[in-house]
Structures are given as structure tokens and as C-alpha cells.
There are 2 protein chains.
Amino acid sequence: MTKVSSDFKVSVLQTSCRNCSLSSLCLPKDLVSTEIKELESIVSQLPPLNKHGHIFSQGENFSSLYVVRSGCVKKYQVDAEGNEQVNGFSLPGELLGIDAIGTGRYMSSAEALDTTSYCQLKYSKFEELCEKIPGLIKHILKMAGQELVAEHDIHKAISQKSIDERVAVFFTSLSTRLRILGYSGSEFNLPMSRHDIANFLGMQPETFSRSLKKLITDNLIDVNLKNIRIKDQDNLRLLAGHCETCPSNKVMNG
Amino acid sequence: MTKVSSDFKVSVLQTSCRNCSLSSLCLPKDLVSTEIKELESIVSQLPPLNKHGHIFSQGENFSSLYVVRSGCVKKYQVDAEGNEQVNGFSLPGELLGIDAIGTGRYMSSAEALDTTSYCQLKYSKFEELCEKIPGLIKHILKMAGQELVAEHDIHKAISQKSIDERVAVFFTSLSTRLRILGYSGSEFNLPMSRHDIANFLGMQPETFSRSLKKLITDNLIDVNLKNIRIKDQDNLRLLAGHCETCPSNKVMNG
DNA sequence: GGTGCATGTTGATTTTAATCAATGTCATCA
DNA sequence: TGATGACATTGATTAAAATCAACATGCACC
């Protein structure tokens, strides 16, 4: 089977931030050459993880922030009773570990859903660098803000939207994020299981499955196992409740 | 009627960060005197708002972060169809506006539920100051992280927990936050309406009302209009962490 | 101190999604 | 390549909460 363009993979050969295909997402704007060098000096590109490998696990001591380079990462928490809550899915360019800065421990686990490469930023060095590179503060706060907006979106979706609407929200949001990364927004392969998506969207896997069926019969999407093809973006976004002028419908981390 | 200690009010007479009763929450640790002075120079204490007054409104251009000094603030978004989603309630010491840094516009509205005083931090000046005061970056990232953790908690609650459990989560969480502020964690007055709480917790007001009744008959709380008294912290917290799918808890529910 | 309106509660019914149970399908690996 | 187990779908039933409708209560404003 040939890979569609949205397998969430990028080349991982380069080791420089400057040449990284994600630099427009990952780096603050308008960095001068010396600043990029300084940033590169605190960024380590770690060996790629296989499926089920963990970038970090809930409860571990916080030391570094991470940026996804390729692949897809599941963020999740497990409570005392062993129940899992999927908090979201991180795509290339997205930052992991912000919520650990305050507590000193990772509050959630970050697991590769696929072969995943990523970069490490030692936090102690990062803090120093913030004082040297002005734009860096704004950049990380911007990324934190995006995460907050995404959380509000999913809060609203689970709180107020019907099952089919939530599924539409998931696909349209994923579609938008993939397009930003340069992939097809109309056809992509899901690296996560039905179980994980359902968990994230606050429903049972059976319910998610039935909703997929509904969206197919309504001619909004086509589904072939992991492969999703969006047939009617407009009506899918309409169902999702999407509205361009509405702040709550920006890109969502899920 | 005499005020109980948890009316979320603090004296608003002082104008210095140093003497502010919230300094332990609002300021980074270990600031030297000159640093506090610099911080004070960018913090303006604005005139208090009456009930329904807005600190900022969704869509307005971002310019400042705000810290609640006294009272209680409702964070909410309204979508194109006019549906409101309550994102949360901010108590004294909590920061507002982080999610606007990245987008340049406030993504939600912040409305006083009561007479509320607050401080303004011009963001442009704040960024400059971050370069001068090392701890400031960590402090704001810590507060952003706390907000993210809170969002994950509510996501999980709405996603997985039953109605009564969600209500228990709300009360125990509020109780904890009030105690940290030095108020009673076992008796307090709710500044927000049933409608707003229900909306925040992803349920209908009728359903919230019925759940309150249930918690009262189970002897976990007492309710007198806006006044809540927690009678059995232990079991309320147990309920808040309780999970449907956990076999040991299933039997007790009947 | 009424009057009117917003807020909150209660009851009956319907709708929705969870649960339970069975079956189907795919990928893995001997 | 066929057996195995994880993942996914489908159907029947139950449980939970939304909805609809009526009523009660408290509060703000005359």
C-alpha cells in the first residue's frame, strides 16, 4: 500500500533548527543567525521512538520540554483506579511538557502512536536563553495559549455537542492542523485507535463507530480502516459548528 | 445576614504588590526589592468592577494580562449560534488573558460575578520585564501550566464522570482553592448562578439541581441558596474521584 | 411592602448514548 | 498460510440525562 501524504512523517535527517522543515512552527519569528545557533545549542534531537515508546511518563521529574518532529504523540493520564483519559494528540511542531513546569513533574504521559522523532529542550538552559532571545518568551506563551484554546474547544465540544458533531469537530480540526503542516487536509491516515479517539471525545468506542457510519451514509466522509477521506468539507465543518469569525473555532490540539 | 469568611473578598486598599495579600500567589518567589519595584511599575490597579462588569470581552485586541484581586470572575465564550460555554471561574490570585498572547485577541470574555477588583499588566512592558527578572518567566509558565492542568481535570470529569461525581469535583476543587486563599473550605457562598455551574460542568441546570438534592440526602453537603456547607469532605472527595467502571464502587451506588 | 421578573426546583416524558453481548476483521507470527 | 489476539463493528437492551412543562422562590424595583 502506498503512503498518502498525510502519514505525519517528515525527513529526520537534518540536525539543524535552521534547516528543519518545522522551523516556521517551532522557532520564534525574526531570529538572527547567532540566536538560532544559541537555540540549537540547547536542542537535542533524540533517537526516534517506535510505536508505544514514551517521551515521558506521568509522575517523572520534569527536566525538559519536547517538540514533536514527526509522527504523532498521544497525551494521556491514568488515575488511581486505572482509568485512562486521553488529553489530546500532538503533531509535528507541537510542544510537550508545559504543564510540568509549575509542578516539577510531568502531569501526563506522552506516547508515540507511530515511529516518532522529537527534539529535547533542557528547561534550565531554555530559561537562560529566554533572557537572551526576546521573542522566545512570547513564542512559548503563544504555544501555551494555543494549548489552552484547544482545551476550551474540546471542553465545549464534549459539554454541548452531540456525538456526530464531536466527531465532525475532531476530523475538521485534524484536517486543519494537517494542512498547516503541508499535508492533505482531505485525506489522511489516523495513527490512533478508535478507542483513543472515542476516549478523547468523551464517548464509547461503539458510539464512535456508529457515528462514523452515520457520517459515511450522510456522504460527509469515506472511511477505510485507518484511512479517512473528507468528501464534503463544508458540510462537515457546518456540522462541527465551525465558524470562521468565532474565536472558539481555531485549530484544536486533538 | 452576616458574611461568612468565604465571600471571596479581600481588602483592596493597598496599592503595592509588596503588601498585597496575594503576593505569595501572584509574585514569583525570591524577588529582591528593586525587582518588586519594577514589577509594581507595570502593574496598575484598576477601579473595581460591579457585578456583570467585564475585564475584557471576546474578540477585543489583546494588550494586557490581568490578575484577580478580589471577587470572582466568569470566563466564557459565545459561539456564532449564541451558545455560551463557561470555561471556568477565576478567584483572587489567578491570571487572565494568557490564551490571548498568541492570537492577539482575547479568546474569551471575563465577567465579574460580584464586585471584583483586579490588576492590569501591560503585556509589552511585561515582556521587557521578563528579561530583567529571571523568575518571572517561570512564574507565568507555572500559571499557564496550572490552567492547563485544570482544563485536563474538567475534560476528564465531563468525559468520564457521572453527574453527581462532576458536582462533587466542582465543590471539592472550589473548596481546595478557597482554603489556599485562606478562606473556609467547608462553608462558602457561590457567586455564580446554577446555570453557570451547570454549563461549566456540561449538564443542564435541572440536572444540577437534582444532583444537589442527591448530595444533600446523602449527607455530603448542606445547601441554602448560594451558601454551601460541606458536611463530609472525605466522602465528597471520594465521590469526586470515584469512577463508574471501577468494580468496587459499582455496588455502592444503589 | 407588594409586583414582576429572573432564577431555581420539581415532575413526566423522551431522547440519547452507555452497556451488554456477539460477531467480524485485520495484522502478526509461528 | 492458518491460527491467534487485538481491534472494530453491529445489534438489543438498559440507564442516564435532556427536554418539556409547570410551579416555587427570592430579589430588585417601584
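Values below: all heavy atoms of this structure, side chains included; hydrogens, waters and symmetry mates excluded. Every chain is numbered from 1, with letters handed out A, B, ... down the list of sequences. Just so we're clear, the structure is a prediction, and the values are computed from it rather than from any experiment.
In this structure, B:M203 atom CE and C:dT15 atom P are separated by 23 Å, rounded to whole Å. The distance between atom CZ of A:R194 and atom C1' of C:dC26, rounded to the nearest whole Å, is 12 Å. Atom CD of A:Q160 is separated from atom P of C:dT16 by 17 Å (rounded to the nearest Å).
Residue B:S209 is the one, among A:F208 and B:S209, whose nearest nucleotide of DNA chain C lies closer to the 5' end (criterion: closest heavy atom). Between A:L225 and B:K226, the residue whose closest nucleotide on DNA chain C is further toward the 5' end is B:K226. Between A:L212 and A:S159, the residue whose closest nucleotide on DNA chain D is further toward the 5' end is A:L212.
Using bins of under 30°, 30° to 60° and over 60° for the plane-to-plane angle, the ring pair B:F188/B:F171 lands in the tilted bin.
For B:E206 and D:dC20, a side-chain-to-base donor-acceptor distance below 3.5 Å is present, hydrogens and geometry of angles not being considered. A donor-acceptor contact under 3.5 Å links the side chain of B:R210 to the base of D:dT19.
Within the 6.0 Å centre-distance limit, the rings of A:H155 and B:F200 are counted as a close aromatic pair.
At a threshold of 4.0 Å, the pair A:K75-A:E94 does not count as salt-bridged, since none of the basic side-chain nitrogens sits closer than that to a carboxylate oxygen.
At the phosphate of D:dT10, OP1 or OP2 sits under 4.0 Å from a side-chain N or O atom of A:K213. Between A:T207 and C:dA18 there is a side-chain N or O to OP1 or OP2 distance below 4.0 Å.
Side-chain atoms of A:Q120 and A:Y66 include a donor-acceptor pair closer than 3.5 Å.
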